[in-house]
Student: 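This is the structure, below, for whatever I ask next.
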Amino acid sequence: RKTVPIIKDPVLSYYLNDLGYKLVSNSTAKQHHFDFFIIDSEDINAFAGPAGHVGVNAGTILLAKSEDEFAGVLAHEISHVS
């Protein structure tokens with residue numbers, strides 16, 4: 001996180017964390033703490049670290065055709081942690 005530009009917009013952060021934790025509540029990763037954040041990049045990419053850090057590039061959000069499609073990306077990253 002120290003080497004990439006992070007978007008610190010409170011509304012976007014709230015949205016991402018709210019959606020992320022809704023997905024976590026339906027997964028086997030309930031016992032993990034997650035840290036969802038948005039990277040200021042137009043590229044399509046997302047990643048998860050073993051400590052529950054989930055980064056999503058802004059381009060992934062902007063180019064998703066629906067919230068369901070974006071939720072699928074988040075669910076995939078959450079599954080890496082669980």
Side-chain angles (χ1 to χ4, degrees):
R1 284 183 75 159
K2 293 179 182 180
T3 61
V4 294
I6 303 296
I7 295 177
K8 296 179 181 176
D9 181 280
V11 174
L12 291 175
S13 294
Y14 177 83
Y15 169 75
L16 179 61
N17 278 278
D18 185 57
L19 180 58
Y21 273 101
K22 283 178 185 173
L23 294 168
V24 168
S25 72
N26 290 294
S27 76
T28 60
K30 292 177 201 173
Q31 71 279 9
H32 292 286
H33 170 76
F34 282 81
D35 172 33
F36 298 96
F37 56 95
I38 303 169
I39 299 167
D40 191 4
S41 171
E42 294 179 9
D43 294 337
I44 300 172
N45 197 14
F47 62 89
H53 300 286
V54 178
V56 179
N57 286 4
T60 304
I61 299 168
L62 294 171
L63 293 174
K65 293 182 172 112
S66 67
E67 185 175 50
D68 290 342
E69 185 175 75
F70 178 60
V73 172
L74 277 184
H76 172 86
E77 297 308 326
I78 291 166
S79 74
H80 285 301
V81 177
S82 64

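For this chain, numbers begin at 1 and follow the sequence in order.
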Student: Over 60° means perpendicular and under 30° means parallel, so tell me whether His33 and Tyr21 are parallel, tilted or perpendicular.
Tutor: tilted
Student: Specify the closest pair of heavy atoms between Asp35 and His53, including all atoms of both residues, with the distance to one decimal.
Tutor: OD2-ND1, 3.0 Å
Student: Please identify which of these residues, Val24, Val73, Asn26, meets the side-chain contact (heavy atoms from CB on, under 4.5 Å) condition with Ile78.
Tutor: Val24
Student: I would like to know whether Ile39 and Val56 meet side-chain contact (heavy atoms from CB on, under 4.5 Å); could you show each step before the answer?
Tutor: CA-CA 6 Å; Ile39 299 167; Val56 179; over 6 Å; no
Student: From Glu42 CD over to Leu62 CG, what is the distance, rounded to the nearest 0.5 angstrom?
Tutor: 8.0 Å
Student: Is the shortest side-chain heavy-atom distance between Tyr15 and Asn17 below 4.5 Å?
Tutor: no
Student: Just say parallel, tilted or perpendicular for the rings of Phe34 and Phe36, cut-offs at 30° and 60°.
Tutor: parallel
Student: Roughly how far, to the nearest 0.5 Å, is the CG atom of Leu63 from the CD atom of Glu69?
Tutor: 9.0 Å
Student: How long is the span from the CD1 atom in Ile38 to the CD1 atom in Ile6, to the nearest 0.5 Å?
Tutor: 9.0 Å
Student: To the nearest 0.5 Å, tell me how far Phe70 CZ sits from Leu19 CG.
Tutor: 6.0 Å
Student: Going by heavy atoms in the side chains, are Ile7 and Leu12 under 4.5 Å from each other?
Tutor: yes
Student: Checking Asp9 side chain against Val11 main chain: does a donor-acceptor pair fall under 3.5 Å?
Tutor: yes
Student: Rounded to the nearest 0.5 Å, how far does CD1 of Ile44 lie from OG1 of Thr60?
Tutor: 6.0 Å
Student: Would you name the heavy atoms of Val81 and Ala48 that are closest together and state the gap between them?
Tutor: CG2-CB, 4.0 Å
Student: Report the distance from atom CG of Asp40 to atom CG of Asn57, rounding to the nearest 0.5 Å.
Tutor: 9.0 Å
